[in-house]
Each structure stands twice: as structure tokens, then as C-alpha cells.
There are 4 protein chains.
Amino acid sequence: MALTGVTRPGHIQLRVLDLEESVEFYTNVLGLVETGRDTQGRVYFKTFEERDHHSFIIREAPEAGMDFIGFKVLNEATLDLLETGERVRFTLPTGHEMELFATKTILGNPLGDFNPKPYNPGLDHGISPVRFDHALLYGPNVNDALALLTDVLGFHLTEYVTLPETDIKGALWLACSNKAHDLAFVEHPEPGRFHHVAFLMESWERVLRAADIMSTYDVTVDIGPTRHGITRGGTIYAWDPSGNRFETFQGGLAPYPDWGPIRWDWSGLGEGGGLDVAKRVLHETFLTVLT
Amino acid sequence: MALTGVTRPGHIQLRVLDLEESVEFYTNVLGLVETGRDTQGRVYFKTFEERDHHSFIIREAPEAGMDFIGFKVLNEATLDLLETGERVRFTLPTGHEMELFATKTILGNPLGDFNPKPYNPGLDHGISPVRFDHALLYGPNVNDALALLTDVLGFHLTEYVTLPETDIKGALWLACSNKAHDLAFVEHPEPGRFHHVAFLMESWERVLRAADIMSTYDVTVDIGPTRHGITRGGTIYAWDPSGNRFETFQGGLAPYPDWGPIRWDWSGLGEGGGLDVAKRVLHETFLTVLT
Amino acid sequence: MALTGVTRPGHIQLRVLDLEESVEFYTNVLGLVETGRDTQGRVYFKTFEERDHHSFIIREAPEAGMDFIGFKVLNEATLDLLETGERVRFTLPTGHEMELFATKTILGNPLGDFNPKPYNPGLDHGISPVRFDHALLYGPNVNDALALLTDVLGFHLTEYVTLPETDIKGALWLACSNKAHDLAFVEHPEPGRFHHVAFLMESWERVLRAADIMSTYDVTVDIGPTRHGITRGGTIYAWDPSGNRFETFQGGLAPYPDWGPIRWDWSGLGEGGGLDVAKRVLHETFLTVLT
Amino acid sequence: MALTGVTRPGHIQLRVLDLEESVEFYTNVLGLVETGRDTQGRVYFKTFEERDHHSFIIREAPEAGMDFIGFKVLNEATLDLLETGERVRFTLPTGHEMELFATKTILGNPLGDFNPKPYNPGLDHGISPVRFDHALLYGPNVNDALALLTDVLGFHLTEYVTLPETDIKGALWLACSNKAHDLAFVEHPEPGRFHHVAFLMESWERVLRAADIMSTYDVTVDIGPTRHGITRGGTIYAWDPSGNRFETFQGGLAPYPDWGPIRWDWSGLGEGGGLDVAKRVLHETFLTVLT
């Protein structure tokens, strides 16, 4: 009980166009730590603070995008309970590959777990997010994904946007914790499309520092710094060298399952500041630029 | 699954020496919203942002201290599963009254749950915390409480301090979510003693603003502003007019059950900065001033 | 010596289209304090913290824009030294009216000047800037204005932008203190045009709070939140109900006269992040939307 | 005019007990940049951002303390105007050596002065203050020093504290700019004593980061993090390895000469929060621990 079943986004695998350029970017600009490479040429990363062996994986491919997202479940018993048996990888109705895993190699972090010191220069290497936080995926049948994630996997819906002139949910924010969201979807005709991977920043000031670093290293910014009305988090959307969008996200609500979702209509997403509190427009790139 | 069973601290009831003085304090200095009074003379409060009818209750009594702490469980089925049946109130091995509840009147907040605006002047009334966050309790048998809370109620131990020259856990931080803690204990010979109730602040800058407000309204500060090494949260400890300690807490780690606890020894609590990163001393009041 | 002669921007007078709508805006959204009205129908404001009777004046007129900007000089002797004699109002080569004044009624502020408390709710009323900080003016002959302001009035040039393919200064930031700037100009064919009046915010977090308030009260944002590379200050540009641009500005460099100016070329202003560190574009509105 | 005459604190020379230990401390913990050593064994430092060759000098000696403080004047003509002629070093009535200088080698900083980027990893090396900001000196005859600094050198008094039961100024904050202070004094029977050198931090969050770094490198903290009521700046006082106190200072008022000073009485300094807004006590170390 309490925090059990599916507990957190554990990793995400993205395709990049040039592996070494991307390793350089994710290591020195975003400030992730490379933790290994495998025989398929995949490169594994974690944030400085994360303890698991990896939370972010890249592989070289002709097209950018997401291969799959993995969620940590509490233990092996959870997998049995979910009747997933051996099969821990499945395809969401939106066309995205999702996997559940119970164990992963623990690396810990340099702060250690005994009388840890509060500071380490590694905390200031590059943008240096706290953790892999969530992802936003685009695809069809988001309401089927909603049913699966809430009924079978125990997520709760924290916020949603209805499509224009309808009561149909067209964008969904879901949590398996008391985070503002652990996974989000936007209805889109093409299956399996990827909008962004988000990394958590410790504060709004660290989001500005991220902007400074993006500027210094010529990272193209999409939206922000601003606040999302939805989730109420501070944010910058920017693109990695392959065109995969990433977010430096901060703060936000900490909703519980019993709260029920916050509802936005289509104008709330745009002019209502759901996407961008400051500008209050539905930036066209939000709906159209995907990998 | 995901966030289920016991989900969060739902309310805490404190005894105050002068009711109206305390109402004034909690309303105008701390910035809570009074939501009702009952026939026993108890006064109910919530933060501006909270949606439940109340998270904080005071009653007048000759001695300050805590009457009980209540935790929200996901639903009535959880209570059945816990075999608590009708009996939702029990005494922890530390001598504290704890209750579990499944439902409470929902008031919502003035931001609303449809296309909410990001700002309301109520967010700036007094110290204005985001939510009731956690409590720290002093009493005997904290390891028995640990067993009960983890084995029966599904909490996970996030950090602990061992007693001098031993491996015995003498101070415990527990979470039923991915917060740094939802409830904490320190071993103490007298049962049922109360150390502090904590309210969440949005940022370190809001903690400084809390200090400014405390100063302006002559609130006595115990420790802070500083950071706790344990939980890594920003903090001020101060006393309400009855001598009940409260905390304005900010940030902190977001641990998951599989991380395993961070371990501190007694010197880590003091000179190691577990209590106070800046000063690195075991402030005597931490161990001795209770209600 | 030290800080003498011309010391600070003391006030600015803007034309607004609807006086009462503007009073409402500047009082409740920006959070200025109305301090008086005169027989010409002008309304005077100061920030909560400012001590002078006013720093911001509005009058109703058919067209928005700036009437004049006033700078405080240390004392009457300064006016004599400047040989301005009776004549303290003059026209800059850019077509803007500027006046110098030595004395103004002192109102003080509610914090007082004896054992002041650190907090007052007035500090949180609306956006609540610290002070009127600077203005940016558009007009011809900015290099003549530069000569006048530096040679006669003792300003120093802190940063400048050269026009495309030339070494000619086309945008100037000038200080009469160790602020990032007290007055700025952009070369423009029409004389006397007004780009923005800036109000100082205490922190980057207060800039985000300003964005929240702008969003809540439907204030149209032009640029930001972001950082200017030029001055290095945090910023939002937005428009008042009459179309006059205002800025909520924060931080920034604190240059001294001997540093010499920081130099930007035209691409530095745009792609180099001089205007907008995050986006690194020369927003078209920056050059074209004036009052 | 404007900012002229004496413009800023330019450098301070401290005595340290162990030169290499101190170089290590100031380089890697405080995060200054060593810029040279001279034949007398003195080591010169600047902050990452400062442009002058040095702002901070240490030399090894049997006792800690301050040798002298230097202020930058606008130009050589200022020295003539001050009739200091060749003699630019003098002793203040408080027994402190002060010098005025007009020129110093300019090193610039790695950000450069043409299209500078907003970020450089050097900005995050150690505590990494923005600049040498001010010093607080203890000695007799502070009111004579006040007269000299205001009448001859053009400083203005920004705040002062009266001695118990008197109207006599016993503590003084003075500025030669629109900073909260450039130099401060406390009346004390022994001449030439040193209380602290202050370095400017960019934000309150950077002050917390400074606390984290101090904790990690076992730097002893005296007071803070907190806010001073006097100057309204965020602060930590801590000691270098030789027992010289330094401050990481942030924010604060930006007063102008015409404001007139803010007045505090002795209880305002202590219980009124003049020294420590949060604790509101006159920490004994403030009056007694000097070098």
C-alpha cells in the first residue's frame, strides 16, 4: 500500500541521429552522467543524483523519436499481480511501447547514503537535472490509454483538456505518484509519436540557469522560460541535436488520486494559459513538431 | 496500485492555550483559512490551496500538544483491507493517536478546477503554505512504530539516525508517497510528545518571506532558515503562541520505496549537518523542547 | 563626489487612453500606490517602497506615449553647476523631453525609517515592483544624446549595439549609478518615441509571480519571462491597457564607469541573445511596436 | 558627475595564518580566481566576474586581520581634487588603513565584452561570488570616520545604530554608490580591528548553495542564512581557516544620498532584527569575535 504497484518512470529510450554528438550534448550540456554502453551501441545515462544505473538511453538511428518508456514497479510480485507474467513489454493504444520492470542495477550517487554532504560539484555540471521526470506522447486512442493506465496500472488522471466544441478528452496528464504527472498524452492521428522527455529542475532559478546554458551552447528553445497553467510547473521546452524535444521542468502541483482532475477546455490550453501562462497562446509547435 | 492505501497526512489536531489568539495567529500570520468551528469549540483550517475541508484543527486546552494525526486512505475499501473495520483510530507504540479516514468534505479552493488562473491574492496572505506536509513526533518504541507503519500501513523508511554508539534506529523519517517524509519519529522516554507540524512552502525564497513575516509579527524562531541534511529540505522551525513548534518546509528529496533509507549516525545528525546544514550542531532545543 | 550630480530616474509621465482603467491597472495589477491627482487630471504613483511622492505619472490623452522623464540631481547646487539655471526641462537630440529636479516631497513608506520591520502586506499587492528603474526611448540622433548624457550629465555608457555592417552605435544603455542602466536608447527615424518603462523586481521568482499576475488579469505579454543578454537582467515586457510597454526587470550587472561598455553587434542583439537569452531572436515587436 | 569621485571598494588585504591552506580555501571553497603573487609572497584574487586584476589579497602573518582596504576613484583627476597628491594611503580615525587608487590592471573575465554568453562553468566553481562587496570594520572614533568619509570623500550614510540609552551613532553603514553599503563601522575600543569582508551573491538561492558548500567543506558558520534588517540583505557570516570572518551577502536596499539614513536603536539591532531578522537576537559573536 501507500506507494506501490507502478511507482515511477524509470527510463526512456530515444533515437538520435548522431550518437557521439548526442553523447556530448547529454553529458556536457544537459549534464547527465554516462553509465554504460551495450553491444547494440546504446548509451545509458542517469542524472547525477539518480541511483539507478540509468534513466535515459539513446541509440543512433536514421530518425529521431522514442523507442519505449519503462516504468518501475515496486517488486516482482507486482508483475505477477498485473498478470504480465513474462511479458513486461506491451504497446499502448496510442502506439507507444511501454515496459514495466521490477529491478535494475543500483549505482547510487557520489553523495552516498551515509551522512551525505549537501553539495558536490557534479550537481553543477551542465543543466544538471534532478531526475528523469515524465514524458509527453502523441498518438491515437488516448482515452483507451487512459482506461488502461488507470484501470489496470493504477495511474490517476490529474488534468485533462477537452477537444474543441466537445467533452472528449484530447490531452491527458496522469500520475502514479503525487507528482503533477508521470506520463501525458495528446490525441494525434499518427501512432507512437514523441513530444518530449522532461527532466526535473530544483527551482525556477535553475530553470533560468538552464536557459543560460542552452543559450551558451546554442540549444534551440521552443517555449519558455514560462509556467504551464497545466501542472503549474515552471518550464523550458528545447530540442536536442536530433530534434527530440526535452523539457527542464520545475515545481508544479502535487495532486492525490482523490482530488479528481483539473479540467481545461481547448481555449484554456491556449488563451487560458494552460500551455504558457505568460504568453497565453497555443504555440503551433506544440501540436505539430514531433519525433 | 501506484498511489493507494495510506496516501497522505490529512489533518492534525493541536491543543492551544488561548483559542482566539491562536486563530488570529494561524489565520493572519501563518495565513491558513478558517473553514469552520464545531460544538466542541474546535476550529478547522486549511491552506489556501488545499481542497479538503480541513487539514489543521486547534482546540483550547490547559496544555499545548497534539491530540491526534489523521491520514487519508484512498477509499473505504482500503479501510476494509486494513481490517480496521469501524475502528479507524488507534494508538501508535509511541503513544500517539493516529486515525485513518477515507472521505472528507471537499471545499476546493478559489482557483477552481476548470481553466484555473495561476494567481490569487489569497496565495500571498500571511506565510501562506501550500499544504500541511508532515509531523515529527517524540515517544518511546519508535522501532515498533516503524514496524507497524511499514508492515501494516505500507509506509517506507526514507532516512534514519542511529543512537550514539549503537546501530539502533533512534530517529525515523517515513513516507507513504514520494515525498521526503510524511511522518517522523524521535525516540523519547515520554509517550505522545509533539515536536512539530510542518507546512510546505513553494520555494526557498518563500521560506525567507516566512522569516520576514515571523519577524514582523514577533514569532519566535527556533532554528533556521537553513537546510536539513536529512530530507535536504529548506526549513525554519518556530513556535506558535502556545509553544507548539511548526515548520515552514521547502523542497527536499523525493525518494521511492526501492531506494532504501539514507543512514545517519548521531554525529551526522549534529556535526554532520543532518539537522542544520549551515550550523552543523545538534541544537539542544531539538531534543528537549516539546509539547 | 561618489554618487552626485544626476543620481537616478525620478519619474516618468505617460499618456493613457482611459484614465480610470489605467488607474485600476497601475494600482491593482502593477501594484503601485496612488499618491495624488492634480488640477490637470494627472494621477501620481509610487511603488510601495519608494519614498518620493511619485515616480510615475499618467494623464489621459488621445494617444499613448511618454511626455517626459525626470532625473533626480543631488541638490540645487548641481543644477547651478550644470548651468541649467531656471531651465531644468530640455529636449534630447532624440526628441524626448527630459527634466532635472533637485527636490521632491518625501512621503516615505509604511516600513518607516526607524527599526523598520522586514515585511508589510503592501509588498505583495499586485506585481509590486521595488522602484521605477529605467526607460528605453526610440528616436533619431542617439549618438548626440550619448554625447550630451555622458559629457554634460555624467552618465556612463554600459553597453551598446552597433548597426548592421557598421561600427555605428544604434542602441545605447547608460547609467548614472552602478545600475545596469538608468536610461537606454534605440536609433529610430521618428523622434520622441517610447519603448518601455521598467520597474525593478526583487528576484527572478518575483518575475514569475509577475507573469502569473499578468496572466490572471489578462495583461498581454510581449517578451519573456527570459533574460536579456544585454544588462543580464531577468525580464518580462508587457503592455498596459493603452499599449504602453512596461517591463518587470530583475537583477542584471552593476557596472562602473571605468569598466567601459560591453559591445554587441546586430546579430548579437538577436541571435546572440542580447535581447532574449532563451529564444535568441530579434523579436520583431522590439523594433516596431512603440508609443 | 553621477558616479564619480570614490566609486567602489576595490580591494582588501587580509592576513592569514597559513598561506597555502588559505589559497586552497579561497580558490576552491569560495571560488575566487588567483591572478598573481608578488615578491612579498602576497597572493592576489578576483571573482570570476570581476574585471580588475584583483579585489582580494592575502599574505601570511602570525595574526589574522586586515592590512588595508582600497577604494577605486574615477580617475587621476579625482586624486588631485582630493588633494591627496602623491599620498593615497591614510589612516582612518578608527585606526584602519585606507587607500585610494585610480588605475589597476584590467584582466577582464572569460565572458568577454563582445557578444558575451550568459554562462560559463567558472560561474559555478565553489561559492563563486559576483564581486567583493564591502567590509565591516571595528575601531574607535567611528563618528570621526563618518565625518571624513562623508565630508571629504563623498560617501553617504545609509543606516546607523545608536548606542544604548544615547543618540550617539555606534554603528554606521556608508555607501559611495547606490548599494546598501560599501563600508561599515562599529565603535570599538581597539583600533584597526576587522569584522568581515563581504562578497556579493546573485540571489538568496545562491546563499543557500553557499551554505551547502560551507557545510561540505567544513567551513564554520557564525550567523545565517538569514536576512539582516539593516541593509535588508540576505546573509551568511562564516570564518576562513585563519578566523577572518567573511560574508556571502545578497540583495539589500539600493539607497540614494537624498533618502537620509535609516535609524536603529540598540534593541533594534538585536531584538528588532537589525542583525538577524529571523532570530532577532544580538549574537554575542557579532560584538566580540574580531581579527
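A, B, ... follow the sequence lines: proteins, then strands. Residue 1 opens every chain.
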Do Glu49(C) and Arg232(D) sit within salt-bridge range, that is, some charged N less than 4.0 Å from a carboxylate O? yes
Counting only non-hydrogen atoms closer than 4.5 Å, does Leu174(D) touch chain C with its backbone (N, CA, C, O), its side chain (CB onward), both, or neither? neither
Atom of Phe114(C), atom of Trp264(D) and distance for their closest heavy-atom approach: CE1-C, 4.3 Å
Okay, Lys117(C) and chain D: the region with an atom under 4.5 Å from a heavy atom over there is neither
Under 6.0 Å from the CG atom of Asp151(C), do we count more than 12 heavy atoms belonging to anything else shown? yes
I'd like to verify something: which residue of Gly272(D), Ser177(D), Ser203(D), Gly108(D) has the highest number of heavy-atom pairs under 4.5 Å with chain C? Ser177(D)
Using non-hydrogen atoms and a 4.5 Å limit, figure out which bit of Glu202(D) sits close to chain C: side chain, backbone, both or neither. side chain
Just give me the residue among Lys179(D), Arg227(D), His156(D), Arg8(D) that pairs up with chain C most often, heavy atom to heavy atom, under 4.5 Å. Arg8(D)
With a 4.5 angstrom heavy-atom cut-off, which part of Glu205(D) approaches chain C: side chain, backbone, both or neither? neither
Nearest non-hydrogen partners of Val277(D) and Pro118(C), listed with the distance: CG1-CG, 3.9 Å
With rounding to the nearest 0.5 Å, note down the distance linking CZ in Arg131(D) to CG in Asn178(C). 6.0 Å
Residue by residue, scan residues 251-260 of chain D and write down, ordered by number, those that have a heavy-atom distance under 4.5 Å to chain C; if none do, write 'none'. Leu253(D), Ala254(D), Tyr256(D), Pro257(D), Asp258(D), Trp259(D), Gly260(D)
Just by modelled atom types, is the Asn115(D) backbone N or O under 3.5 Å from a matching donor or acceptor in the Asp265(C) side chain? no
Proximal component of Thr7(D), with respect to chain C [non-hydrogen, under 4.5 Å]: both
So which of Gly112(D), Gly268(D), Pro116(D) has the biggest tally of heavy-atom pairs under 4.5 Å with chain C? Pro116(D)
Among the listed options Val73(C), Asp113(C), Asn75(C), Ile106(C), the residue most often paired with chain D at heavy-atom distances under 4.5 Å: Asp113(C)
